[in-house]
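What you see is a predicted model, and the numbers here were worked out from it, not measured in a lab.
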Amino acid sequence: MPKAITRKSEDFDRWYTDTVRRAELADYAPVRGCMVIRPYGYALWERIQRALDDMIKRTGHENMYFPLLIPESYLQKEAQHVEGFAPEVAWVTHGGQRELEERLAIRPTSETIICSMFADWIHSYRDLPVLINQWCNIVRWERRTRLFLRTTEFLWQEGHTFHESRAEAVEEVERMLDCYRELAEEWLCIPVVPGRKTESEKFAGAEYTLSIEAMMSDGWALQAGTSHQLGQNFTRAYGISYSDRENALQHPFQTSWGLSTRIIGGLIMAHGDDSGLVMPPRVAPIQVVVVPVTRSNDAEGAAAVEAACARLEAGAGEVRLRVDRREGIRPGEKYAHWELRGVPLRVTVGARDLAAGAVTLTRRVDGESWTEPLEGVAGRLPALLEEAHTRTWARAETMLRERTVEVSSLEELGQTFAGEPVFANAPFCERPGCEEAVKAAAHALSVRVLRRDRSGERGRCLACGEASSEVALIARAY
RNA sequence: CGGGAAGUAGCUCAGCCAGGUUAGAGUGCACGGUUCGGGACCGUGAGGUCGCGAGUUCGAAUCUCGCCUUCCCGACCA
């Protein structure tokens with residue numbers, strides 16, 4: 001393999017695949033669309049999981065676990081839902097040699113099994129709200145797959161809640177969408193646009209779907225987390241009912257929300273560059289790498305370098321620091337190795353700097369390099385990581401801002417997308433015909449969301465010119 | 001799921017069209033040495049059911065058919 005990965009500007013898709021594989025995040029498995037998440041990639045997922053799981057717990061939810069296999073009859077009770085998922089459900093038809101009397105679906109999502117179980121457990125308003133979550137794997141037989149972004153099997157969390165009132169459910173989907181926003185922005189340094197999906201893009205069976213949309217560095221949009229207000233669609237279909245405070249029988253209101261390993265694809269495409277990954281410091285499996293620089297004919301110098309490395313290690317505290325002590329590899333190769341893996345900070349410890357009591361630091365996100373006294377540098381690492389975080393965020397935020405435009409007509413939209421892809425905001429009336437017109441204005445365009453931050457804004461729909469009160473985010477999407 | 005391309009060492013590929021000793025290169029890997037502040041060099045060595053399965057043939061990496069996987073372009077989707 002060539003030493004350098006494919007340049008991002010040259011071929012973005014190849015750059016992505018090269019980076020994922022060379023950085024050892026994941027690799028292809030023998031079954032189409034399936035991937036092996038390798039230790040470095042899984043460590044990243046565990047960091048993301050931990051951050052999000054804390055938020056899920058903080059907002060009052062409990063984790064539990066439902067089975068992988070779902071009887072076909074369960075899946076079929078909510079008509080729109082079945083229809084929506086029919087093309088991508090994988091089925092188990094045999095147990096050993098024997099054909100099953102009823103096929104079992106490998107969960108494409110768990111609403112159906114969860115509703116079926118909670119129908120037995122919810123009887124009274126005193127049983128509500130139900131606030132649960134599960135971390136699990138999902139299988140969807142996708143036509144076209146890409147590592148992390150769209151795989152046949154993926155990992156995610158799916159939250160499921162049941163409430164007494166629509167108002168509570170509405171509040172819940174907003175709250176959880178905001179957790180996703182917080183995860184993306186505060187932890188992954190990915191600025192996102194929260195909003196509501198159009199009818200045609202919403203989850204099958206939902207009253208409405210909210211999502212956060214992130215901009216990748218090629219200007220394409222990535223749906224990075226979704227939150228669905230399911231109303232009573234499923235609770236009616238699955239016969240979940242309870243006696244309310246007036247002893248009247250009611251169906252609870254329900255929500256579900258999910259965030260998957262897809263977000264890792266988003267992290268890669270939002271921050272990566274020609275040298276490989278750029279890890280946001282708060283979730284980076286390795287936050288600081290120390291590269292010792294020694295000469296084999298200088299035992300005294302080597303001892304001093306090792307002593308300094310050991311001191312950094314001892315002083316790292318909570319900082320995830322690794323000293324690259326591999327022998328026989330020159331420093332330059334180690335630099336490239338860790339840059340490919342996106343480690344936010346590198347500390348180079350060599351006899352030259354050490355003679356002056358100093359070490360060299362290099363920040364991954366902007367390549368900036370400077371020297372610091374060895375004394376006290378370990379203690380400064382958290383602050384330096386924070387600065388790396390701020391810069392990673394700032395770079396992504398600047399990109400989003402600079403590549404967002406306002407358009408007011410289909411013609412303007414078409415002209416805009418004749419150039420580099422951007423996020424286009426436009427007044428939009430939500431009529432299906434107008435959505436079709438938007439999609440037709442340029443190749444691969446779609447309405448990503450109706451922006452939550454601009455809901456209620458008066459305007460004239462870019463397609464039909466009639467009064468509108470929503471602003472659509474229009475983009476090319478993964 | 002339609003249209004196209006590809007699959008030969010861990011990786012990138014040559015060889016295939018015109019079937020014929022023991023299947024090659026670069027890189028990577030292991031060991032030894034010289035090196036060492038941006039992907040070093042020399043030497044030695046290991047590593048292959050030529051994607052899988054049938055067929056044609058005295059003989060198949062090479063020709064034919066089927067299947068699997070990957071990539072690109074569409075339709076579908078987190």
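Going from the P atom of B:rG39 to that of B:rU22 covers 43 Å, rounded to whole Å. Spacing between B:rC63 and B:rU8 at atom P, rounded to whole Å, works out to 16 Å. Rounded to the nearest Å, the gap between the C1' atom of B:rA25 and that of B:rG47 is 15 Å. Separating the P atom of B:rC16 from that of B:rG24 is a span of 15 Å, rounded to the nearest Å. Taking atom C1' in both B:rG15 and B:rA54, one finds a spacing of 25 Å when rounded to whole Å. Using C1' as the reference atom, B:rG7 and B:rU49 are 15 Å apart when rounded to the nearest Å. Taking the P atom of each, B:rA6 and B:rG10 are spaced 22 Å apart, rounded to whole Å. Distance check on atom C1': B:rA18 versus B:rU62 gives 11 Å, rounded to whole Å.
Remark: B:rC58 base-pairs with B:rG20. Criterion, Watson-Crick or G-U wobble with two distances under 3.5 Å. The partner of B:rC29, taking Watson-Crick or G-U wobble pairs whose two distances both stay under 3.5 Å, is B:rG45. Checking B:rG74 for Watson-Crick or G-U wobble geometry (two distances, each under 3.5 Å) identifies B:rC1 as its partner. Under the Watson-Crick or G-U wobble criterion, with both distances below 3.5 Å, B:rA40 is paired with B:rU34. Using N1 to N3 plus N6-O4 or O6-N4 for Watson-Crick, or N1-O2 and O6-N3 for G-U wobble, each under 3.5 Å, B:rC50 pairs with nothing. The pairing partner recorded for B:rU69 is B:rA6, the criterion being a Watson-Crick or G-U wobble arrangement whose two distances lie under 3.5 angstrom. B:rA14 makes up no base pair with any nucleotide shown, lacking Watson-Crick or G-U wobble contacts both under 3.5 Å.
The NZ-P distance, from A:Lys202 to B:rC77, rounds to 14 Å in whole Å. For the pair A:Ile329 CD1 and B:rG38 P, the computed distance is 16 Å after rounding to whole Å. Distance NE2 (A:His337) to P (B:rG28): 14 Å, rounded to an integer number of Å. B:rC36 atom P lies 19 Å from atom CZ of A:Arg326, rounded to whole Å. Between the P atom of B:rG32 and the CD atom of A:Glu327 lies a distance of 11 Å, rounded to the nearest Å. Look at CZ on A:Phe85: it is 13 Å from C1' on B:rC76, rounded to the nearest Å. Remark: P of B:rA75 and CD of A:Glu201 are 13 Å apart, rounded to the nearest angstrom. In this structure, the CH2 atom of A:Trp338 is 19 Å from the P atom of B:rG39, given to the nearest Å.
Which of B:rG39, B:rG37, B:rC73 sits closest to the side chain of A:Arg144 comes down to B:rC73. Listed nucleotides B:rC71, B:rG37, B:rG39 differ in distance to A:Ala336; the shortest reach to its side chain belongs to B:rG39. Closest to the A:Glu142 side chain, of the nucleotides B:rC36, B:rG37, B:rC76, is B:rC76. Of the listed nucleotides (B:rC36, B:rU70, B:rG74), B:rU70 has the atom at the smallest distance from the side chain of A:Tyr28. Closest to the side chain of A:Glu88, out of B:rG38, B:rC77, B:rC36, is B:rC77. When the nucleotides B:rG37, B:rG74, B:rG38 are ranked by their closest atom to the side chain of A:Thr362, B:rG38 comes out on top.
As judged by a 4.0 angstrom heavy-atom cut-off over every strand, A:Arg140 is placed among the base-contacting residues. Within the nucleic acid shown, A:Thr17 has no heavy atom closer than 4.0 Å to any nucleic acid atom. Residue contacts shown for A:Ser211 are absent, as no nucleic acid heavy atom lies under 4.0 Å away. Counting non-hydrogen atoms under 4.0 angstrom, A:Pro87 reaches nothing in the nucleic acid. When heavy atoms are screened at a 4.0 angstrom cut-off, A:Asp13 is found touching the sugar-phosphate backbone but no base atom. Among the atoms of the strands shown, none is found under 4.0 Å from any heavy atom of A:Gly367. Base contact: A:Thr151 has a heavy atom under 4.0 Å from a base atom. Counting any heavy atom pair closer than 4.0 Å across all strands shown, A:Thr226 reaches no nucleic acid atom. Using a 4.0 Å heavy-atom criterion, one finds that A:Arg346 contacts the bases of the nucleic acid, with or without backbone contacts as well. If you check every strand for non-hydrogen atoms under 4.0 Å, A:Leu149 touches a base.
Between A:Val31 and A:Arg330, it is A:Arg330 whose nearest contact on RNA chain B lies nearer the 5' terminus. Both A:Arg21 and A:Ala351 lie near RNA chain B, and the one whose nearest nucleotide falls closer to the 5' end is A:Arg21.
Evaluation of atom-type donor-acceptor distances gives a pair under 3.5 Å for the side chain of A:Glu339 against the base of B:rG38. Below the 3.5 angstrom threshold, one finds no donor paired with an acceptor across the side chain of A:Arg143 and the base of B:rG2.
Salt bridge A:Asp274/A:Lys8: absent, no basic N to carboxylate O contact under 4.0 Å.
A:Asn133 places no side-chain N or O within donor-acceptor distance of the main-chain N or O of A:Asn63, the cut-off being under 3.5 Å. In this structure, A:Arg476 contributes its side chain and A:His443 its backbone to a donor-acceptor pair below 3.5 Å.
A 4.5 Å side-chain heavy-atom check between A:Phe148 and A:Phe154 finds every atom pair outside the cut-off. Taking 4.5 Å as the limit, some side-chain heavy atom of A:Met215 sits within range of a side-chain heavy atom of A:Met399. Side-chain contact between A:Ile5 and A:Arg14 is absent, with no heavy-atom pair separated by less than 4.5 Å.
Residue A:Arg150 has no polar side-chain atom (N or O) positioned under 4.0 Å from OP1 or OP2 of B:rC76.
Environment of CH2 in A:Trp135: crowded, with over 12 heavy atoms of neighbouring residues, nucleotides or ligands closer than 6.0 Å.
Ring orientation note: the planes of A:His61 and A:Trp257 are nearly perpendicular, at an angle over 60° on the 30°/60° scale.
Annotation: the span from A:Ile56 atom CD1 to A:Cys179 atom SG amounts to 7.5 Å, rounded to 0.5 Å.
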